[in-house]
Amino acid sequence: DRSKTYGEALTLGSTEFTASGLVNGDAVTSVTLASDGAAATAVVDEYDITATGAVGPKLGNYTISYAKGTLTVNPKALTITAKNRSKTYGQTLTLGSTEFTASGLVNGDAVTSVTLASDGAAATAVVNTYEITSSAAQGPKLGNYTISYAKGTLTVNRKALTITASDRSKTYGTALTLGTTEFTASGLVNGD
C-alpha cells in the first residue's frame, strides 16, 4: 500500500511489493506496478495498485497470482487569507467575495469566491482595527484540499472634520463673551 498528497506524482517503481510462497531461495526481483492514482491530477480517493510481469529466476516453477495494493491520495493543504483593507470612519465597506489570496493550489485548480466578513465594515464602526474573516470557499475540485482560513485586518481610519469659528462683531468698548457654540462643523457623520 502507498499514499501521496493530491497534486504530487508518485513513481511506483518495481520493488514495492511482497511475495509469499517462494521456496528454495527463489526470488521475485521486480514487478510492473501501476495505478491510476499515481498521476499528479488524481483526485482524493483510494486507487488500486496492480502488479504484473513478475521477473526472477525459476519463476516458471510457480503459478503466479497478483493481489492488489491500495494507493491513497490524501488532501493537500490550502490556506485562504483575507486581504487587508482600510476605510474611513463613516464609510460602509463592501467586502465582496474576491479579496483574498489562496496558497497551495495545484493542477490549475482555483478558488472562485469566499465569504468575507468584518465588524469594521459598517459605517458606524469606530476608528480601530478589526479582523476580516473568510469562510465557505467555492471553486472546482476543492474537495481535494484541507482548507484553513487566515484572517486579514480592516483598519478604520479617522475622518476629516473641520471646525470653523463663526464670524462675530462687537462695539468698541464692550466685552464679548465668545462662548463655546459659535462655530460650524463640517464632516460629521453617524449623528456625531
Side-chain angles (χ1 to χ4, degrees), residues 3-10 37 39-47 71-192:
S3 66
K4 68 166 199 147
T5 300
Y6 172 70
E8 296 175 349
L10 180 65
T41 54
V43 299
V44 171
D45 206 346
E46 290 187 345
Y47 299 83
L71 170 55
T72 303
V73 178
N74 296 308
K76 182 171 181 6
L78 170 62
T79 302
I80 297 173
T81 304
K83 288 185 178 178
N84 294 336
R85 303 287 302 276
S86 65
K87 69 165 201 148
T88 301
Y89 171 70
Q91 295 177 334
T92 299
L93 180 64
T94 302
L95 291 169
S97 60
T98 58
E99 293 292 321
F100 64 88
T101 58
S103 174
L105 291 166
V106 293
N107 296 329
D109 298 342
V111 178
T112 55
S113 69
V114 298
T115 300
L116 296 166
S118 177
D119 291 341
T124 54
V126 298
V127 171
N128 206 340
T129 56
Y130 299 84
E131 292 178 345
I132 301 174
T133 60
S134 55
S135 62
Q138 299 294 313
K141 299 187 180 178
L142 293 186
N144 293 306
Y145 297 89
T146 301
I147 301 173
S148 60
Y149 296 94
K151 296 174 182 173
T153 300
L154 170 55
T155 303
V156 178
N157 297 308
R158 296 172 185 258
K159 182 172 182 358
L161 170 62
T162 302
I163 298 173
T164 305
S166 299
D167 293 341
R168 301 289 301 275
S169 64
K170 71 169 197 138
T171 302
Y172 174 72
T174 60
L176 178 64
T177 303
L178 291 171
T180 59
T181 58
E182 294 294 321
F183 64 89
T184 57
S186 172
L188 290 167
V189 292
N190 296 329
D192 299 342

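Being a predicted model, the structure only gives us computed values, none of them experimental.
- Note that CG of L142 and CD1 of I147 are 5.0 Å apart. Values are rounded to the nearest 0.5 Å.
- Within the 3.5 Å criterion, the main-chain N or O of E131 finds no donor-acceptor partner in the side chain of T153.
- Smallest separation of non-hydrogen atoms from T98 and T112: CG2-O, 4.1 Å.
- Atom CG of D192 sits in a crowded spot, with more than 12 heavy atoms from other residues, nucleotides or ligands closer than 6.0 Å.
- With D119 contributing its side chain and A125 its backbone, the two residues share no donor-acceptor pair below 3.5 Å.
- Judged purely by atom type and a 3.5 angstrom limit, K87 uses its side chain to pair as donor or acceptor with the backbone of A122.
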Less than 3.5 Å apart, which donor and acceptor atoms pair up between the side chains of residues 168-176 and the rest of the protein, not counting sequence neighbours?
unit_1 : atom_1 : unit_2 : atom_2 : d
K170   : NZ     : T174   : O      : 2.4
T174   : OG1    : T171   : O      : 2.6

Apply side-chain contact (heavy atoms from CB on, under 4.5 Å) to the pair Y145 and V106, showing each step before the final yes or no.
-> CA-CA 10 Å; Y145 297 89; V106 293; 3.5 Å; yes
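- Side chain of Y149 to backbone of A137: a donor-acceptor contact under 3.5 angstrom is found.
- Contact record, N157 with S86: ND2-CB, 3.8 Å, taken as the closest heavy-atom pair.
- No side-chain donor-acceptor contact under 3.5 Å links N144 to the backbone of V43.
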Could you walk me through whether L78 and V111 pass the side-chain contact (heavy atoms from CB on, under 4.5 Å) check?
-> CA-CA 10 Å; L78 170 62; V111 178; 4.1 Å; yes
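- Each of D109, D45, N74, T41 was compared with Y6 under the side-chain hydrogen bond (donor to acceptor under 3.5 Å, both in side chains) criterion, and only D109 meets it.
- In terms of heavy atoms, A123 sits closest to T92 at CB-OG1, 3.4 Å.
- S134 and A82 get closest at one heavy-atom pair: OG-N, 4.3 Å.
- Counting only residues at least two apart or in different chains, side-chain hydrogen bond (donor to acceptor under 3.5 Å, both in side chains) contacts with residues 178-190 comprise Y89-N190.
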Can N84 and T155 be said to form a side-chain contact (heavy atoms from CB on, under 4.5 Å), step by step?
-> CA-CA 8 Å; N84 294 336; T155 303; over 6 Å; no
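- Of all the heavy atoms in Y130 and V156, the pair that sits closest is CE1-CG2, 3.6 Å.
- Between K83 and I132, the closest heavy-atom pair is O-CD1, 3.5 Å.
- Atom CD1 of I80 sits about 9.5 Å away from atom CG of L116, to the nearest 0.5 Å.
- E46 is linked by a salt bridge (Lys or Arg N to Asp or Glu O under 4.0 Å) to nothing, counting only residues two or more places apart in sequence or in another chain.
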